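What follows is a set of notes on a single structure, which appears directly below.
Just so you know, residue 1 is the first one in the sequence shown, and it goes up from there. Small disclaimer: the values here were computed from a predicted structure and weren't measured. All values below were derived from every heavy atom in this structure, side-chain atoms included, with hydrogens, water molecules and symmetry-related copies excluded.
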Amino acid sequence: DGSAAEPMDLCRSDLRDLKLVKNHEKRPIWVYPSGRIIFETFHPRAAEVTDFLMAVAEPVSRPELIHEYQLKMLSLNAAVSSGIDVEKIVTVLTRLSKNELEPDFLSFIRKQGES
């Protein structure tokens, strides 16, 4: 919707510039700058990852092998309200992500912890 409260580049479709992290093949999620999260459900720790994603993001599509979630202002506020520390969200997303998280996206997450 173009709201300043949501992550930048909501309509960005070219993601070739996402930088992969070391051991990316062992990590289960892609985190787009828009807050879209693509989760490979065949990961060995899929149950734990699913629980985390359901706590911090809204499910978009959940077919058998690949799930999509959207991290939004409301889902982050709900997560923080339920007692999940915002730095824990940043740490877990960073640890699980196949790609580096962009600074603007990390700032978006941290701002939700302040409100």
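Summarising the geometry, atom NZ belonging to Lys111 is positioned 12.5 Å from atom CG belonging to Leu106; distances are rounded to the nearest 0.5 Å. Rounding to the nearest 0.5 angstrom, the gap separating the CD atom in Gln70 from the OG atom in Ser61 is 12.5 Å. Note that CD1 of Ile38 and OH of Tyr69 are 11.0 Å apart. Values are rounded to the nearest 0.5 Å. To the nearest 0.5 Å, atom CZ of residue Arg62 and atom CD of residue Glu68 are 12.0 Å apart.
Taking both residues in full, the closest heavy atoms of Pro33 and Leu18 are given as CD-CD2, 4.0 Å, listed atom of the first, atom of the second, then distance. When every heavy atom of Phe105 is checked against every heavy atom of Val31, the shortest pair comes out as CE2-CG1, 3.5 Å.
Taking a 6.0 Å sphere around CD of Glu64, one finds it holds 12 or fewer heavy atoms contributed by other residues, nucleotides or ligands.
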With side-chain contact (heavy atoms from CB on, under 4.5 Å) as the test, would you mind laying out the steps for Leu93 and Ile29 before giving the verdict? CA-CA 8 Å; Leu93 285 174; Ile29 65 174; 3.9 Å; yes

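Counting only heavy atoms from C-beta outward, the side chains of Tyr32 and Ile37 never approach each other to under 4.5 Å. A heavy-atom distance below 4.5 Å is not found between the side chains of Leu101 and Val90. Two residues are said to be in side-chain contact when any heavy atoms from C-beta on lie closer than 4.5 Å; Ile66 and Trp30 fail this criterion.
With sequence neighbours left out, the side-chain contact (heavy atoms from CB on, under 4.5 Å) criterion links Thr41 to Phe39, Leu65, His67. With sequence neighbours excluded, no residue forms a salt bridge (charged side-chain N to carboxylate O under 4.0 Å, His left out) with Arg27. With sequence neighbours excluded, the residues satisfying side-chain contact (heavy atoms from CB on, under 4.5 Å) with Ser82 are Ile84.
Using modelled atom types, one side-chain atom of Ser107 and one backbone atom of Pro103 make a donor-acceptor pair closer than 3.5 Å. A donor-acceptor contact shorter than 3.5 Å is absent between the side chain of Glu102 and the backbone of Ser34.
The list of side-chain hydrogen bond (donor to acceptor under 3.5 Å, both in side chains) pairs with a residue in residues 89-101, not counting sequence neighbours, reads Glu40-Lys98, Ser97-Asn99. Screening residues 73-88 for salt bridge (Lys or Arg N to Asp or Glu O under 4.0 Å), with sequence neighbours left out, gives Glu87-Arg110.
Val21 and Ile89 fall into different hydrophobic clusters, where Ile, Leu, Val, Met, Phe, Trp and Tyr are joined by side-chain heavy atoms under 4.5 Å apart, directly or via other members.
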Please tabulate, for the side chains in residues 45-60, all donor-acceptor contacts under 3.5 angstrom to protein atoms that are two or more places apart in sequence or on a different chain.
| residue | atom | partner | partner atom | Å |
| --- | --- | --- | --- | --- |
| Arg45 | NE | Glu48 | OE2 | 3.4 |
| Arg45 | NH2 | Glu48 | OE1 | 2.7 |
| Thr50 | OG1 | Ala46 | O | 2.9 |

